[in-house]
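What follows is a short report on a single structure.
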Amino acid sequence: MKQHDLHIYNSLTKTKEKFTPIHEGAVGMYVCGPTVYSNVHLGNCRTFLSFDLVFRYLKHLGYKVRYVRNITDAGHLENDGESGEDPILRKARIEQLEPMEVVQRYTVDFHTTMAKFNAHPPSIEPTATGHIIEQIQIVEKIIEEGFAYETNGSVYFDVLKFNKTYEYGKLSGRNLEDMIANTRELSAQTDKKNPQDFALWKKAEPQHIMRWPSPWSDGFPGWHLECTAMSTKYLGDNFDIHGGGMDLKFPHHECEIAQAEACNHISPVNYWMHANMLTLNGKKMSKSTGNFILPDDMFTGENDILSKPFSPTVTKFFMYQAHYRSILDFSSEALEASEKGFNRLMDAYRMLDNTETSEKTSLDITSWRKSCYDAMNDDFNSPILIAHLFEAVKFINALKEGKETISTEDLKLLKQTMHDFLFDVLGLQNVAGENSQDGEKLTGAVELLIELRNQARANKDFATSDKIRDQLAEKGIQLKDGKEGTTFQLFNNV
RNA sequence: GGCAUCGUGGCCGAGUGGCUAGGCUCAGCUCUGCAAAAGCUGCUACAGCGGUUCGAGUCCGCUCGAUGCCUCCA
């Protein structure tokens, strides 16, 4: 375990708190995963990448982390009342597929996309449909405790009754009286005692395909239940971290707290973390409004929003240049700025391999390294971390020009630290790809052309030399003349 | 309407009451056959109004504006 002083902003208390896990050296973390009825869009990805950073950093600090992220494969209704359609069923109807075919298709898409972003898979990835029994047991327990009631084969959570003993609304800062006063009801609620009550179990209509037997009816679980069932099953009644998108804070996470407290009489989560939204045109990315971009469309450049394609690692770097609790707006200009910075950062890192060393070091590497940790320890402040990494870039470039010096030992520490943060913590990828066989062949061919060009330049045959340079550029290969010869770089995705 | 968050230089985006965040753009310079690339230097902002304070982007109040949630949503 590395020594650290990690502080996490807790949404429940609205303050940064020192992180102390329940079991020393181990962390239990649950994150709400996607509902797999369509391709994950970039906004969904941001949340999962925010928690990938958390996962990676906790592991980097030496914790044994059990990271549970669910797959919601039983769709919930569009509203909690009597009407509305399950989005998975709707998709299955439209595309004439079995619901589980829909689920399978988009689960695979989700995994493929996260792999492109170089996100670590969670330790356990449970599905809602795989935990129906556990969910039914929780409903039974809540009924037993007196906080739920059955009406016409459906079971609802009695929020008003719960609120007499516990506190409903403490996470999202709402109080029940206000909510009741401001209820806007469009259609009559026949089954619920109160509009604030939420479904634990819903009786299925005859046409509803996804259904399971239960003590109350053939039906399906309410949409807040799966997370309570799976988080407590794999992490215990009380665990360290629960994360999710800001838009899940209410009602989803509020209801999770209520369910868990009704069952176990203990607040389930010590640190609630909420990742903020990715916006497009100033508005939240959202499947239902069509205001979103798909990851693959941005990797290929086939979209109307961006001027060019961007790689997964650049996209991730762009996201990490903003703090996870801030809204981030997505635009072509902002992506381009990040891409240039990213390339500069990677160039500097590569340069460390052929850096000359001296007796002394003109920069305090140890204290620089500490400032990197300080940034991450302050509620995973990746933008500050990246600012520090750019300070190192400046130093590395100065080394090259002989304006600064570094000892062999410090060079090793600098390189190790850069490596740790760039690749282990941020999970970035060096896009060079020199290792493949094709890459070697390409390198050989381009180096030959570079040699021919330099001969032409020596002979002042600039017509030939410029032809080589310009035509390679047209093919997406950029020559870069430096003091120590010419190198080349492939334009991304051309 | 209710709850919450936010408004930072040309753009993006950090900021624990007092000291230059950082990236990109732009300008100048170095390098170069020319260019590109690369490097260096420069560009001091905090929505408005009032208050607390020796001192506020940072705390308090009001005004204006934006966003999220209150229906499925990361």
Side-chain angles (χ1 to χ4, degrees), chain A residues 11 14 16 31-35 37-38 40-51 72 75-81 83-87 90 169 172-175 178-179 181-184 186 196 223 243-252 254 274-279 282-289 317-318 321-323 325-331 333-345 347 351 375 378 381-391 393-394 397-398 400-401 403 457 460 462 465-466 469-470 473 478-483 486-489:
Chain A
S11 302
K14 298 190 205 303
K16 283 181 193 169
V31 171
C32 291
T35 305
Y37 67 94
S38 63
V40 284
H41 62 65
L42 215 56
N44 303 127
C45 293
R46 184 187 182 201
T47 294
F48 301 127
L49 291 173
S50 293
F51 288 105
T72 299
H76 5 272
L77 303 183
E78 277 194 343
N79 65 53
D80 212 22
S83 61
E85 194 177 7
D86 170 340
R90 185 199 298 125
S172 55
R174 285 156 217 251
N175 73 67
D178 287 352
M179 289 172 63
N182 291 298
T183 301
R184 47 164 213 205
L186 300 174
Q196 282 69 34
W223 72 285
M246 199 77 105
D247 50 354
L248 295 183
K249 201 174 190 178
F250 187 89
H252 185 59
E254 202 71 74
H274 287 96
N276 218 323
M277 300 291 102
L278 183 66
T279 61
K283 294 275 199 297
K284 173 189 168 186
M285 281 200 196
S286 160
K287 288 172 193 168
S288 52
T289 60
F317 182 70
F318 159 75
Q321 278 190 297
H323 189 258
R325 281 192 287 115
S326 297
I327 292 170
L328 175 62
D329 192 57
F330 185 85
S331 71
E333 292 73 21
L335 258 297
E336 281 171 48
S338 285
E339 183 173 57
K340 285 181 185 172
F342 174 81
N343 288 334
R344 207 160 73 84
L345 188 55
D347 284 347
M351 222 181 281
D378 184 12
N381 200 323
S382 53
I384 296 285
L385 168 66
I386 289 169
H388 289 311
L389 295 178
F390 274 109
E391 280 168 26
V393 168
K394 206 167 186 175
N397 288 328
K400 186 181 153 200
E401 306 213 338
K403 289 177 182 167
R457 290 171 76 199
K460 301 212 184 290
F462 296 123
S465 68
D466 288 355
R469 178 225 288 162
D470 297 341
Q478 181 187 42
L479 298 187
K480 306 205 282 194
D481 296 329
K483 270 184 185 160
T486 305
T487 57
F488 73 97
Q489 185 177 26

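Quick caveat: nothing in here was measured; it's all calculated off a predicted structure. Numbered from 1 within each chain, the chains take letters A, B, ... in sequence-line order.
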Closest of B:rC72, B:rG13, B:rG23 to the A:Pro383 side chain is B:rG13

Considering only atom C1', compute the distance from B:rC62 to B:rG7 and round it to an integer number of Å. 16 Å

Basic-acidic side-chain contact under 4.0 Å: A:Asp466, A:Arg469: yes

What's the gap between B:rC73 and B:rC19 when it is taken at their P atoms, as a whole Å value? 45 Å

Could you tell me whether A:Lys400 contacts a base, only the sugar-phosphate backbone, or nothing, with contacts defined as non-hydrogen atoms closer than 4.0 Å? sugar-phosphate

To the nearest 0.5 Å, atom CG of A:Asp329 lies from atom NZ of A:Lys283 at 10.5 Å

A:Leu345 atom CG is separated from B:rG22 atom P, nearest whole Å, by 15 Å

Check this one for me: any side-chain N or O of A:Lys394 less than 4.0 Å away from OP1 or OP2 of B:rU41? yes

Categorize A:Leu278 for me: base, sugar-phosphate, or nothing, with a 4.0 angstrom heavy-atom threshold over every strand shown. base

Side-chain-base donor-acceptor pair under 3.5 Å for A:Arg344 and B:rC24: no

For A:Thr35, which contact category applies under a 4.0 Å heavy-atom criterion: base, sugar-phosphate, or nothing? sugar-phosphate

Measure CD/A:Gln196 against P/B:rC69 and give the value in whole Å, please. 19 Å

Could you check A:Lys249 against A:Ser465 and say which one's nearest nucleotide on RNA chain B is further toward the 5' end? A:Lys249

Which whole number of Å gives the distance between the C1' atom of B:rG15 and that of B:rC72? 36 Å

Can you name the nearest heavy-atom pair linking A:Phe318 to A:Ala334, along with the distance? CE1-CB, 3.6 Å

Rounded to the nearest 0.5 Å, what separates atom CZ in A:Phe342 from atom NZ in A:Lys340? 15.5 Å

Same-atom distance (C1') from B:rG13 to B:rG23, integer angstrom: 8 Å

Under 4.0 Å between any heavy atoms, over every strand shown, what does A:Gly244 touch: base, sugar-phosphate, or nothing? Just pick one. sugar-phosphate

P-based separation of B:rG22 from B:rC43 [nearest Å]: 12 Å

Could you tell me whether A:Ala322 contacts a base, only the sugar-phosphate backbone, or nothing, with contacts defined as non-hydrogen atoms closer than 4.0 Å? sugar-phosphate

Under 4.0 angstrom, heavy atoms only, what part of the nucleic acid is A:Arg174 near: base, sugar-phosphate, or nothing? base

With the side chain of A:Arg469 defined as its heavy atoms from C-beta on, choose the nearest nucleotide among B:rC34, B:rC72, B:rG13. B:rC34

Write down the distance between CD1 (A:Ile327) and P (B:rU8), rounded to a whole number of angstrom. 12 Å

For the side chain of A:Glu254 and the backbone of A:Gly169, is there at least one donor-acceptor N/O pair under 3.5 Å apart? yes

Can you name the nearest heavy-atom pair linking A:Phe51 to A:Gly243, along with the distance? CZ-CA, 3.4 Å

When all nucleic acid strands are considered with a 4.0 Å heavy-atom cut-off, which category describes A:Asn175: base, sugar-phosphate, or nothing? nothing

If I take atom CZ in residue A:Phe250 and atom P in nucleotide B:rU67, what distance separates them, rounded to the nearest angstrom? 22 Å

Has A:Phe462 got its ring stacked on the base of B:rG33, with centres under 5.5 Å and planes less than 30° apart? yes

Would a distance-only check, ignoring hydrogens and angles, find a side-chain to backbone donor-acceptor pair under 3.5 Å from A:Asn397 to A:Lys394? no

Can you tell me how far CZ of A:Arg325 sits from OG of A:Ser11, rounded to the nearest 0.5 angstrom? 8.0 Å

Find every protein N or O atom lying less than 3.5 Å from an N or O atom of nucleotides 28-32 of chain B, and list the pairs.
none

Between A:Gln321 and A:Ser338 (side chain of the first, backbone of the second, donor and acceptor by atom type, cut-off under 3.5 Å), is there such a pair? no

B:rC40 and B:rA74: how far apart are their C1' atoms, nearest whole angstrom? 43 Å

What is the separation between atom CD1 on A:Ile384 and atom P on B:rG22, rounded to the nearest whole Å? 10 Å

Would you indicate what A:His252 reaches in the nucleic acid, counting non-hydrogen atoms under 4.0 angstrom: base, sugar-phosphate, or nothing? nothing

Mapping A:Gln321 and A:Gly43 to their closest nucleotides on RNA chain B, which lands nearer the 5' end? A:Gln321

Would you indicate what A:Glu401 reaches in the nucleic acid, counting non-hydrogen atoms under 4.0 angstrom: base, sugar-phosphate, or nothing? sugar-phosphate

Is a side-chain N or O of A:Thr279 found less than 3.5 angstrom from the main chain of A:Leu328, in a donor-acceptor match? yes

Distance, nearest 0.5 Å, that separates OG of A:Ser172 from CE of A:Met246: 12.5 Å

Of the nucleotides B:rG15, B:rG68, B:rA37, which one has an atom closest to the side chain of A:Met277? B:rG68

I'd like the P distance from B:rC26 over to B:rA66, given in whole Å. 32 Å

What interatomic distance, in whole Å, is found between P of B:rC54 and the corresponding atom of B:rC12? 37 Å

Scan A:Gly243 against the nucleic acid and name what it touches under 4.0 Å (heavy atoms): base, sugar-phosphate only, or nothing. nothing

Whole-Å distance between B:rA14 C1' and A:Asn276 CG? 15 Å

Is the backbone N or O of A:Asn381 less than 3.5 Å from a side-chain atom of A:Asp378, with the two atoms forming a donor-acceptor pair by type? no

Got a donor-acceptor contact below 3.5 angstrom from the A:Arg46 side chain to the A:Asn276 backbone? yes

Does B:rA66 have OP1 or OP2 sitting under 4.0 Å from an N or O in the side chain of A:Lys283? no

Atom pair OG (A:Ser326) and CG (A:Leu278), whose distance is rounded to the nearest 0.5 Å: 12.5 Å

Any side-chain N or O of A:Ser331 below 4.0 angstrom from OP1/OP2 of B:rC11? no

Pick base, sugar-phosphate or nothing for A:Met246, based on heavy-atom distances below 4.0 Å to the nucleic acid. nothing

Within the modelled atom types, does a donor on one side and an acceptor on the other bring the side chain of A:Asp378 and the base of B:rG15 under 3.5 Å apart? no

Quickly work out the A:Lys284 NZ to B:rC6 P distance and round it to whole Å. 18 Å

Contact class for A:Asp329 vs. all strands (heavy atom < 4.0 Å): base, sugar-phosphate, or nothing? sugar-phosphate

Is A:Gly282 touching bases, backbone alone, or none of the nucleic acid, heavy atoms closer than 4.0 Å? sugar-phosphate

Phosphate OP1/OP2 of B:rG39 contacted by A:Asn397 side-chain N/O (<4.0 Å): yes

Pairing stems for RNA chain B [at least three consecutive pairs; Watson-Crick or G-U; under 3.5 angstrom]: B:1-7 with B:64-70, B:10-12 with B:22-24, B:26-30 with B:38-42, B:47-51 with B:59-63

Is the shortest side-chain N/O distance from A:Lys287 to OP1 or OP2 of B:rA74 below 4.0 Å? yes

Figure out the NE2/P separation between A:His274 and B:rG68, and round it to whole Å. 17 Å

Heavy atoms under 4.0 Å, any strand shown: does A:Lys460 hit a base, just sugar-phosphate, or nothing? nothing

